[in-house]
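All remarks here apply to the structure that follows.
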Amino acid sequence: VEHDSPVGDLLARLADSGPRRDPVAMYERAQGEAVPSYATSPAPSRRRPKAMPLVVAAACVLAIACAVVLLQSQPTGLDSGAEKPPSPGPTPPTVQVSLPPGCVLSAACDLPRSPVRVVLPWVPVGYLKAPFRDQLMSGRNGVVSSEIYYAAEPDVPSPSGPVARAIRVVLSDNRVPTGQLPGADWVDDHIGSHPARKDAGTGTADGQSANVSTLIVDLGPGGSLTFIGQGLPIDDLVKMAERAAVL
Amino acid sequence: VTPTDMPTTTEVTSGPEVALGDPVSARDFVRLYPRLRAFARVIVDADMDPNDLVHDALVAVLQTRSGQIENAEQYLRRTMLNRVRTLRRSAGNQRRHLRLVADGSNRAGEAPDYPSDVGALLEVLTPQERAVLYLLDVERMPVAEVASLIGDSAVAIRSRASRARRKMRRHLEEE
């Protein structure tokens with residue numbers, strides 16, 4: 001059949017070319033493959049999703065902002081406070097003194113809340129040896145976690161100076177973290193190279209005068225702390241304990 | 001040659017589209033198959049089997065709920081056209097190019113089963129343009145009906161047909 005246009009003729013020839021199949025067999029096969037669905041229109045071509053309308057986007061932003069405000073207005077619990085403790089400043093935190101002087105020396109102190117976070121301000125942690133620090137960090141002996149925050153201010157005073165080398169922490173089950181003092185190797189690794197340490201300008205890389213740091217110890221349920229001073233003036237240790245804040 | 005002249009297993013009915021409220025029955029599909037296959041042959045690329053395209057469209061129809069299709073043939077054709085678009089955009093071109101590189105032919109290990117001048121249609125015109133020209137020039141479908149099937153306006157269909165003819169004419173003159 002001749003068509004009006006050569007293109008029509010070509011299309012007709014193209015349409016007539018190629019193999020054919022048995023439509024009955026095709027239908028039966030398609031029936032086997034068809035899975036009922038709720039499609040209500042011809043299979044759509046894959047197109048890019050339309051851009052989100054501006055109104056919808058603005059509503060989403062507003063909803064997120066409201067959620068953030070609501071969350072921030074909620075009273076922060078113990079755990080939320082523990083997430084981000086305040087960075088130490090020139091003045092040691094004295095939020096709550098819950099460790100009586102008696103427990104500073106040797107007696108175990110039952111902390112009022114569990115779990116609890118104890119902040120020891122101005123502990124010259126440079127004298128804590130690596131295994132001790134590692135145990136704190138690894139959560140053994142009931143310690144959940146610990147963090148050490150460095151004071152960046154160069155003129156922050158250190159209360160006890162080098163005499164604080166004997167600070168140790170004993171946990172409630174009397175398991176004493178191993179590690180002796182001082183820990184120059186740990187100091188080299190953690191404090192001597194720390195930028196804040198250099199800014200402090202009061203010590204050297206061997207940790208002999210590492211200073212102005214805050215040790216935060218998170219105890220597990222029922223945990224308690226005992227502070228044992230060796231070679232540290234008791235008055236200084238008491239002062240330090242009084243500064244300890246149970247958050 | 002018209003679709004109704006093509007050899008089929010059953011006699012093909014011409015005239016108005018077959019309106020099927022339910023998903024296509026076997027009897028209806030047998031009747032529609034020659035026209036669907038011819039349409040598929042026009043819109044597919046060289047490396048695609050038009051029967052596969054018909055099969056995919058039929059599966060899509062059978063997956064629809066009963067009573068959702070007003071015009072089964074139009075639904076099948078639109079589904080085929082959409083699928084060709086998708087295939088061309090995704091793996092179709094890549095597969096075809098790989099085959100061309102592999103054996104230098106349009107189909108792996110086989111010579112094209114259409115004349116070379118017909119093959120020019122596949123190179124010059126897009127599937128949509130081929131579909132428009134086929135429906136207008138071969139099936140003699142009204143522009144409004146083609147527009148409904150393609151999912152475009154009548155003006156756009158006329159414009160697309162004119163552009164496609166111009167492209168083909170230019171191509172034939174160059175040859």
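In the text below, chain A, chain B and the rest are named by the order of the sequence lines, each starting its count at 1.
Of the listed residues (B:V42, B:N51, B:L81, B:L58), the greatest number of heavy-atom pairs within a distance under 4.5 Å of chain A belongs to B:N51.
The two residues A:A15 and B:Y134 make their nearest non-hydrogen contact at CB-CE1, 3.5 Å.
With salt bridges taken as basic N to acidic carboxylate O contacts below 4.0 Å, none links A:D16 and B:R37.
For the atom pair OH (A:Y27) and CG (B:D28), the distance works out to 8.0 Å, reported to the nearest 0.5 Å. Interatomic distance, B:E129 CD to A:L11 CG, rounded to the nearest 0.5 Å: 11.0 Å.
Side chain of B:Y33 to main chain of A:R21: a donor-acceptor pair is present (N/O by atom type, distance under 3.5 Å, no hydrogens or angles).
Counting heavy atoms of neighbouring residues, nucleotides and ligands inside a 6.0 Å radius, atom CZ of B:R27 does not exceed 12 of them.
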